Protein chains: 2
Amino acid sequence: MATLGDVAARAGVSISAVSRVLSDAPDSRVSAATRERIVEAARELNYRPNFAGRALKSARTQVVGLVVPDITNALFTELMHGAEDEATERGYTVLLGRSDDVRPGGEVIARLIGEGRVDGMALQVGDAVQPAGLRDLLTTQAPIVLVNSSNPGHVGSVTLDDHQGALIATRHLLELGHQRIAFANGLPRSFTAKRRRTGYKLALAAAGVRVPKAYETRIGYTVDNGRTALHRLMALDPRPTGIVVANVNAAVGLLGEARKAGIRVPDDLSVVTVHDSWTAENTWPPLTAVKMQFYTVGRTAVRSVIRRIETGETSDEVITDPPPELVVRESTAPPR
Amino acid sequence: MATLGDVAARAGVSISAVSRVLSDAPDSRVSAATRERIVEAARELNYRPNFAGRALKSARTQVVGLVVPDITNALFTELMHGAEDEATERGYTVLLGRSDDVRPGGEVIARLIGEGRVDGMALQVGDAVQPAGLRDLLTTQAPIVLVNSSNPGHVGSVTLDDHQGALIATRHLLELGHQRIAFANGLPRSFTAKRRRTGYKLALAAAGVRVPKAYETRIGYTVDNGRTALHRLMALDPRPTGIVVANVNAAVGLLGEARKAGIRVPDDLSVVTVHDSWTAENTWPPLTAVKMQFYTVGRTAVRSVIRRIETGETSDEVITDPPPELVVRESTAPPR
DNA sequence: CTGAAAGCGCTAACAG
DNA sequence: CTGTTAGCGCTTTCAG
């Protein structure tokens, strides 16, 4: 790989002149002719600035970490795209990491920041992460922004309007005429589950509808969790006529299980989910869903991290624009 | 962040002594007492080696790039896990990148390698990449290993046994008694599509079954491509009684579209797909699939890249162990 | 057994 | 306008 020195030698100038020209300092103080020679030499040698050299000198990597619990998840894909787009526009690169439930990201983050691999991080912790696990992160001075989590301390945060999402989903069933509306929610300690829960409850309360306590399950967001929720809810008496599922993956599992149990959707049971993804379009019947703006979350999170890196400012943001949007497909209908 | 100098000062020794101890050189030539003091000081200061400093000095990052066309894709998830597991075991980190069809990874790769961000790369190009786009990569001396692609030059490669996968899928339908077996394949220029095609053809030939030419579509691997394939195949006369789909995402789309068209699976039509993923379990009916070993591909690819980095050896490998495995679910049955 | 010193590629302050 | 130089944190050779 060509270095600044190689380019300088070829152009017959000093290293610093090359550096000034190629790192396009606004004030490179170089004559047009010299600049020309330098640029030409760099092109010929296919020069690329060495990452380590630059990072070592400047103590900046221009990299932000994005750590999510599960890269698999179709939802995070949108988020990652948003993060990448924002980063690229601002001259940053995104480094993708995984935080599983065991190590709540603490180890990964400490490494990435501690070793100087990234300048800052956007972090979404898994559902099952205990608040205690998060506490360590907050003591850090590092530029960390929490995504779709609570904000228990002095780090910034970006969250979806989960409350509104669940409310819209629930209202959809109410408007179809359902009264016995159940809620297949995430784990009790999940931050997003708490917020979705209030949306569900508020919608019911606003309509003057009361449901048994057992109508809410709090099992989790996975496909299998959805399967379990279906069984638990359908064992109740009276059976619900509609279910709001707090997560699209769980909804896919719930729908499959309903099918297996001979429960017809939407004839016997309406299902609406919070979140949308390509998988929701391809179930049978296609799932009615409330589309949440994950792309915007990604963009906003990275913007927030970069602001934190560059200016030190911290902020807590809720994505309300564009708002959650109901996408009606075929899994919901009026109750019989 | 604490540096070697900080640790040295605290331990009252020289920087080089600290370096020797903490980078656990096998022969650190340091007394037990000194070593103890150094380790203790490092712990107290929460020392972490600076990535840039180390990389600059050693011209090694201990990072391998993994570039895939679409991080979304459930299949690549397995591959990424395999890659990560292998990398971690060998003291490397994985940097994830995306190669879309427009820039066949060329730009991304040139940057990552040229700037010294990674020591080597495992690269899967998209379906739609023209061979010409690949040629540039082959001139490179960089440690690149192609994944699930052909090997048109002197870079290494790791591929699945696509031939065998398609053959097993086709044979499954034959054994159920189908004769009119169609094949919803990827684009003609896709390397994997070519290999799957030979498996399909061989299985038919071995059984002495002949089908019309139009029974093979070569539209692509996406969900929408699968939908299109369904329509095209069902417009034929005589209709096929079974379809082998070359990709699980396309199979999901094809299945959904069959449903919409009132074609009952498996009563009117059997569907079997190459690949397996969680989405295949959650369609209705659940998809019979040939499970391909993406996890092993990931592991092997990273192992191959690292070998290339460390020893310069190049190899071309086909994953045959474990072999592709038929997972029978409910989308296949004997023809009526 | 331990330390001094050079140098990886780059930027930036300073000198000419 | 252009060049010299110090130093970012680390590894490694060479001296002690």
Side-chain angles (χ1 to χ4, degrees), chain A residues 1-39 41-42 45-63 91 111-119, chain B residues 1-39 41-42 45-63 91 111-119:
Chain A
M1 287 292 99
T3 68
L4 276 187
D6 299 336
V7 177
R10 184 172 192 104
V13 295
S14 74
I15 290 182
S16 57
V18 178
S19 173
R20 282 196 296 261
V21 169
L22 295 185
S23 56
D24 39 33
D27 166 29
S28 59
R29 303 167 300 155
V30 167
S31 71
T34 314
R35 152 172 254 110
E36 174 75 12
R37 284 221 310 290
I38 291 174
V39 170
L45 293 172
N46 191 24
Y47 169 79
R48 292 178 192 268
N50 179 273
F51 174 66
R54 189 172 270 187
L56 182 56
K57 176 65 193 179
S58 60
R60 278 289 167 80
T61 59
Q62 301 289 114
V63 175
R111 255 198 72 181
L112 291 177
I113 302 225
E115 297 183 354
R117 284 171 190 264
V118 301
D119 295 336
Chain B
M1 287 292 99
T3 69
L4 275 188
D6 299 336
V7 178
R10 185 173 191 102
V13 296
S14 75
I15 289 181
S16 55
V18 178
S19 173
R20 282 197 295 262
V21 170
L22 295 185
S23 56
D24 39 32
D27 165 31
S28 58
R29 302 167 302 155
V30 166
S31 71
T34 315
R35 152 173 255 108
E36 174 76 11
R37 284 218 311 288
I38 291 174
V39 170
L45 293 172
N46 191 26
Y47 170 78
R48 292 179 190 267
N50 179 274
F51 173 68
R54 186 170 272 186
L56 182 57
K57 177 64 195 179
S58 59
R60 279 288 166 79
T61 58
Q62 300 289 112
V63 175
R111 254 198 75 181
L112 292 177
I113 302 226
E115 296 182 356
R117 283 171 190 264
V118 302
D119 295 336

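Reminder, nothing fancy here: chain letters follow the sequence lines and each chain counts from 1. Values in this document were obtained by computation on a predicted structure and should not be read as measured data.
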Between [N] ([atom2]) and [X] ([atom1]): distance, integer Å:
X     : N      : atom1 : atom2 : value
B:I38 : C:dC1  : CD1   : C1'   : 11 Å
A:L56 : D:dT11 : CG    : C1'   : 13 Å
B:L22 : C:dT2  : CG    : P     : 14 Å
B:R35 : C:dT2  : CZ    : P     : 10 Å
A:Y47 : C:dT11 : OH    : C1'   : 10 Å
B:R54 : C:dG9  : CZ    : P     : 18 Å
A:R60 : C:dC10 : CZ    : C1'   : 16 Å
A:L4  : C:dA12 : CG    : C1'   : 13 Å

Between [X] and [Y], is any pair of side-chain heavy atoms under 4.5 Å apart?
X     : Y     : result
A:T61 : B:F51 : no
A:I38 : A:V13 : yes
B:L45 : B:R10 : yes
B:L56 : A:N50 : yes

Can you tell me how far the [atom1] atom of [X] sits from the [atom2] atom of [Y], to the nearest 0.5 Å?
X     : Y      : atom1 : atom2 : value
B:R54 : B:R60  : CZ    : CZ    : 13.5 Å
A:Y47 : A:T3   : OH    : OG1   : 7.5 Å
A:E36 : A:T34  : CD    : OG1   : 10.0 Å
A:R48 : B:I113 : CZ    : CD1   : 10.5 Å

- request: Looking at every strand, decide which applies to B:F51 at a 4.0 Å heavy-atom threshold: base, sugar-phosphate, or nothing.
  value: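 Touches nothing.
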message: If you assign each of A:M1 and B:S31 to its closest nucleotide in DNA chain C, which residue comes earlier from the 5' end?
response: B:S31
task: Please figure out whether A:G5 or B:G12 has its closest DNA chain C nucleotide nearer the 5' end.
output: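 Nearest nucleotide further toward 5': that of B:G12.
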message: Please confirm whether the shortest side-chain N or O distance from B:T34 to OP1 or OP2 of C:dT2 is below 4.0 Å.
response: yes
Extract from the structure each pairing of a protein N or O with an N or O of nucleotides 4-6 of chain D at less than 3.5 Å, listing the distance.
residue	atom	partner	partner atom	Å
D:dT4	O4	A:S16	OG	3.0

message: Under 3.5 Å, is there a donor on one side chain and an acceptor on the other for A:S19 and A:S16?
response: no
Candidate nucleotides C:dT2, C:dT11, C:dG9, ranked by approach to the side chain of A:S19 - the nearest: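 For A:S19, the side-chain atoms sit closest to C:dT11.
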message: So for the helix from C:dC1-D:dG16 to C:dG16-D:dC1, with five pairs setting each end axis, what is the inter-axis angle to 10°?
response: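 Here the helix ends are tilted 50° relative to one another.
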